[in-house]
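Structure first, then comments.
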Amino acid sequence: EKLDTGLQKTKEGVWSKITRAVAGKSKIDDEVLDNLEEAFITSDVGVDTTLKIIERIEQRVARDKYVNSEELNNLLCEEISDMLARPDNDGDNLDDFEIKKTGDPYVIMVVGVNGVGKTTTIGKLAAQYKKAGNKVVLGAADTFRAAAIEQLDIWGERVGVPVVKQKMGSDPAAVAFDTLSSAKAQGADVVIIDTAGRLHNKIGLMNELTKIKNVMKRVVPAAPQEILLVLDGSTGQNAFEQARQFVAATEVNALAVTKLDGTAKGGVVIGISDQFKIPVKYIGIGEGLEDLQIFRAEEFVRSLFL
Ligand code: GDP
């Protein structure tokens, strides 16, 4: 229900456009498909993904012969959730923030530009992983801004998890190294590392993230098991551009899309997941500690269309 409320604006936006696309139609014909195409493109799904969806619907209509417009929502749900990238659930993760215990901590390196909700997402993740019974440690490796270190500290205190930090301007890789060493010594289950969100130039970003990754491997060979890119869902097409840049700079293998509660641009989740073949793993649907959910494709698509 929380998901339904959180996605209300997107739902209204997408829903009203689709309703208009099929208004007065008894079957899915070319005109309906054209209108649907427009509805999706203007819902921030993105052109490429929209064309893919339309093609799938066309095929279904051709195969099933007669598809009436009442069946369309079901059809859309099936086809869209089918095309979304899924997390590899044989891996370390996860259902409801449970972690497979390996003796080494599960390390999440969080990347993304400032303002997208990175710190908030880290706080929410810490809270949820802790609630699921994990010992969590945070690392303040965004040493570029004093405010970033302070913010993370505040979240650590609020959630009740330790934050490893150094002073502003210190080497981010050194902070990451300290964090993992400390986490390992404490027998922590989950480590979440904040990184600087500067996109000033690609090589700089790539070098910094590579250095952090390499240093972490000296403590935990499998680290970082998760490179989580945080994107602000309310920025629509901008989020695509940020994803493009971070994917070029490092091996992003999970996405968190935030601020879906305040926007009608939730269709961006579908487009990004499809275009980058990287699973959306978490979605942010509010400012509270509990307002971060594990993304489940069917559930998400159903709450948009049904
Ligand atoms: P950072 O600069 O990327 O670390 O961004 P912050 O974590 O400081 O978040 C920026 C603003 O976005 C804050 O006011 C957060 O409360 C807000 N925010 C983050 N995630 C969400 C979300 O899922 N929903 C809403 N409504 N606001 C969010």
Side-chain angles (χ1 to χ4, degrees), residues 97 105-130 134-184 186 188-200 204-217 219-220 223-232 242-243 245-246 249-259 281-282 284 287 289 291-292:
F97 299 95
Y106 183 78
V107 180
I108 306 173
M109 178 167 102
V110 184
V111 302
V113 304
N114 297 329
V116 293
K118 199 151 48 95
T119 319
T120 308
T121 300
I122 293 172
K124 290 170 173 175
L125 282 173
Q128 302 269 37
Y129 277 111
K130 184 183 175 195
N134 298 289
K135 192 164 178 184
V136 181
V137 175
L138 305 181
D142 178 355
T143 60
F144 190 66
R145 296 177 308 146
I149 303 173
E150 273 161 37
Q151 280 297 323
L152 200 70
D153 230 4
I154 292 170
W155 276 107
E157 211 152 287
R158 188 182 300 176
V159 178
V161 299
V163 179
V164 176
K165 62 186 173 188
Q166 292 179 10
K167 60 180 189 305
M168 186 192 150
S170 55
D171 179 7
V175 178
F177 184 85
D178 281 358
T179 309
L180 264 63
S181 305
S182 157
K184 203 166 164 165
Q186 296 176 50
D189 304 300
V190 177
V191 175
I192 310 174
I193 303 281
D194 189 17
T195 65
R198 286 171 296 159
L199 261 183
H200 57 308
L205 179 72
M206 204 186 301
N207 288 345
E208 181 164 310
L209 296 177
T210 304
K211 197 173 158 204
I212 296 175
K213 275 189 303 190
N214 289 343
V215 145
M216 291 198 293
K217 287 189 199 303
V219 188
V220 175
Q225 293 91 328
E226 187 169 321
I227 301 183
L228 178 69
L229 171 62
V230 181
L231 298 168
D232 178 344
Q242 285 171 20
Q245 299 194 30
F246 276 95
T250 191
E251 300 88 358
V252 175
N253 62 4
L255 303 172
V257 184
T258 64
K259 307 188 197 180
K281 194 160 175 184
Y282 315 99
E287 294 188 275
L289 277 179
D291 296 329
L292 186 83

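Reckoned from all heavy atoms, side chains included, excluding hydrogens, waters and symmetry mates.
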Which is it for Glu208 and Ile212 under the side chain to side chain contact (heavy atoms under 4.5 Å, CB included) test, yes or no, and what are the steps along the way?
-> CA-CA 6 Å; Glu208 181 164 310; Ile212 296 175; 4.3 Å; yes

Would you list the atom pairs, donor with acceptor, under 3.5 Å between side chains in residues 252-259 and any protein atom, with sequence neighbours excluded?
| residue | atom | partner | partner atom | Å |
| --- | --- | --- | --- | --- |
| Asn253 | OD1 | Ile227 | N | 2.8 |
| Asn253 | ND2 | Gln225 | O | 3.1 |
| Thr258 | OG1 | Val116 | O | 2.7 |
| Thr258 | OG1 | Leu231 | O | 3.2 |
| Lys259 | NZ | Gly115 | O | 2.8 |
| Lys259 | NZ | Asp232 | OD2 | 3.3 |

Could you check whether any side-chain heavy atom of [X] comes within less than 4.5 Å of a side-chain heavy atom of [Y], counting everything from C-beta outward?
| X | Y | value |
| --- | --- | --- |
| Lys211 | Asn207 | no |
| Pro172 | Thr195 | no |
| Val190 | Phe97 | no |
| Tyr282 | Val230 | no |
| Ile193 | Thr179 | yes |

For Asn214, enumerate each residue passing the side chain to side chain donor-acceptor pair (under 3.5 Å) test, keeping only those at least two apart in sequence or located in another chain.
-> none

If every non-hydrogen atom of [X] is compared with every non-hydrogen atom of [Y], which pair is closest and at what distance?
| X | Y | result |
| --- | --- | --- |
| Pro105 | Val191 | CB-CG2, 3.8 Å |
| Ala249 | Leu205 | CB-CD2, 3.6 Å |
| Pro224 | Lys217 | CD-NZ, 4.0 Å |
| Leu180 | Ala223 | CD2-CB, 4.0 Å |

Could you tell me whether the side chain of [X] and the main chain of [Y] form a donor-acceptor pair under 3.5 Å?
| X | Y | result |
| --- | --- | --- |
| Ser182 | Asp178 | no |
| Gln128 | Leu292 | yes |
| Lys124 | Leu289 | no |
| Asn134 | Asp189 | no |

Go through the steps for Leu209 and Met109 under the test side chain to side chain contact (heavy atoms under 4.5 Å, CB included), then give the verdict.
-> CA-CA 9 Å; Leu209 296 177; Met109 178 167 102; 4.0 Å; yes

Approximate separation, where rounding is to 0.5 Å, of [X] [atom1] and [Y] [atom2]:
| X | Y | atom1 | atom2 | value |
| --- | --- | --- | --- | --- |
| Thr121 | Trp155 | OG1 | CH2 | 9.0 Å |
| Leu125 | Thr120 | CG | OG1 | 11.0 Å |
| Ile108 | Asp194 | CD1 | CG | 12.5 Å |

Tell me, with the steps shown, if Gln245 and Val113 meet side chain to side chain contact (heavy atoms under 4.5 Å, CB included).
-> CA-CA 11 Å; Gln245 299 194 30; Val113 304; over 6 Å; no

Parallel under 30°, tilted from 30 to 60°, perpendicular over 60°: which one fits the rings of Tyr129 and Tyr106?
-> tilted

Under 3.5 Å, side-chain donor or acceptor atoms of residues 135-143 against the rest of the protein: list the pairs with distances, not counting sequence neighbours.
| residue | atom | partner | partner atom | Å |
| --- | --- | --- | --- | --- |
| Lys135 | NZ | Gln186 | O | 2.9 |
| Asp142 | OD1 | Phe144 | N | 3.3 |
| Thr143 | OG1 | Ser170 | O | 2.7 |

Side chain to side chain contact (heavy atoms under 4.5 Å, CB included) assessment of Lys165 paired with Leu152 | CA-CA 9 Å; Lys165 62 186 173 188; Leu152 200 70; over 6 Å; no

